[in-house]
Amino acid sequence: MAEHTELQPQVQRAVDLALDGDPIPEIARQLSVDRSTVWRWLQRPEVDDELRRRRGSRRDAIREAVDAGASEAVAALRSVVADLDASPH
């Protein structure tokens with residue numbers, strides 16, 4: 001993967017929209033450019049690197065949130081199971 005490169009603002013906005021799941025025609029409409037321009041931007045190695053980097057960051061953040069939630073859920077279940085005074089209903 002290439003070193004992080006600063007993208008032009010319009011290309012960066014295209015990356016943001018792509019990460020949000022917007023299709024190329026919608027990105028092109030919002031940026032007032034042709035669809036082929038957006039497609040070419042997204043094919044550039046530095047843009048692809050940025051997309052991969054940011055998708056990886058999002059996956060890591062989601063994984064951490066799920067792990068934290070799972071830990072909290074297990075702790076709560078253990079507390080309920082350990083509570084001998086709790087009603088079984």
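Quick caveat: nothing in here was measured; it's all calculated off a predicted structure. Numbering starts at 1 and runs along the sequence shown.
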Quick one: salt bridge (Lys or Arg N to Asp or Glu O under 4.0 Å) pairs with a partner in residues 27-42, sequence neighbours left out? E26-R29
Can you find a pair of side-chain heavy atoms, one from E50 and one from V47, that are under 4.5 Å apart? no
Shortest non-hydrogen contact between Q10 and L31, atoms and distance: NE2-O, 3.1 Å
Please indicate whether Q43 has more than 12 foreign heavy atoms, meaning atoms of other residues, nucleotides or ligands, lying under 6.0 Å from its CD. yes
All heavy atoms of I27 vs all of D22, minimum pair found to be CD1-O, 3.4 Å
Test salt bridge (charged side-chain N to carboxylate O under 4.0 Å, His left out) applied to D48 - qualifying residues, sequence neighbours left out: R52
Going by heavy atoms in the side chains, are Q30 and R13 under 4.5 Å from each other? yes
Taking only residues two or more places apart in sequence or in another chain, which ones pass salt bridge (charged side-chain N to carboxylate O under 4.0 Å, His left out) with R55? none
Report the residues that fulfil side chain to side chain donor-acceptor pair (under 3.5 Å) with R54, sequence neighbours left out, ordered by chain and then residue number. D16
Quick one, V11 and E46 - any side-chain contact, counting heavy atoms below 4.5 Å? no
Can you name the nearest heavy-atom pair linking A18 to L51, along with the distance? CB-CD2, 4.2 Å
Passes side chain to side chain contact (heavy atoms under 4.5 Å, CB included), W41 versus L7? Steps please. CA-CA 10 Å; W41 287 343; L7 301 175; over 6 Å; no
Please output the side-chain donor-acceptor pairs of residues 59-75 that fall under 3.5 Å, not counting sequence neighbours, one pair per line with the distance.
residue	atom	partner	partner atom	Å
D60	OD1	R63	NH1	3.2
S71	OG	D67	O	3.1

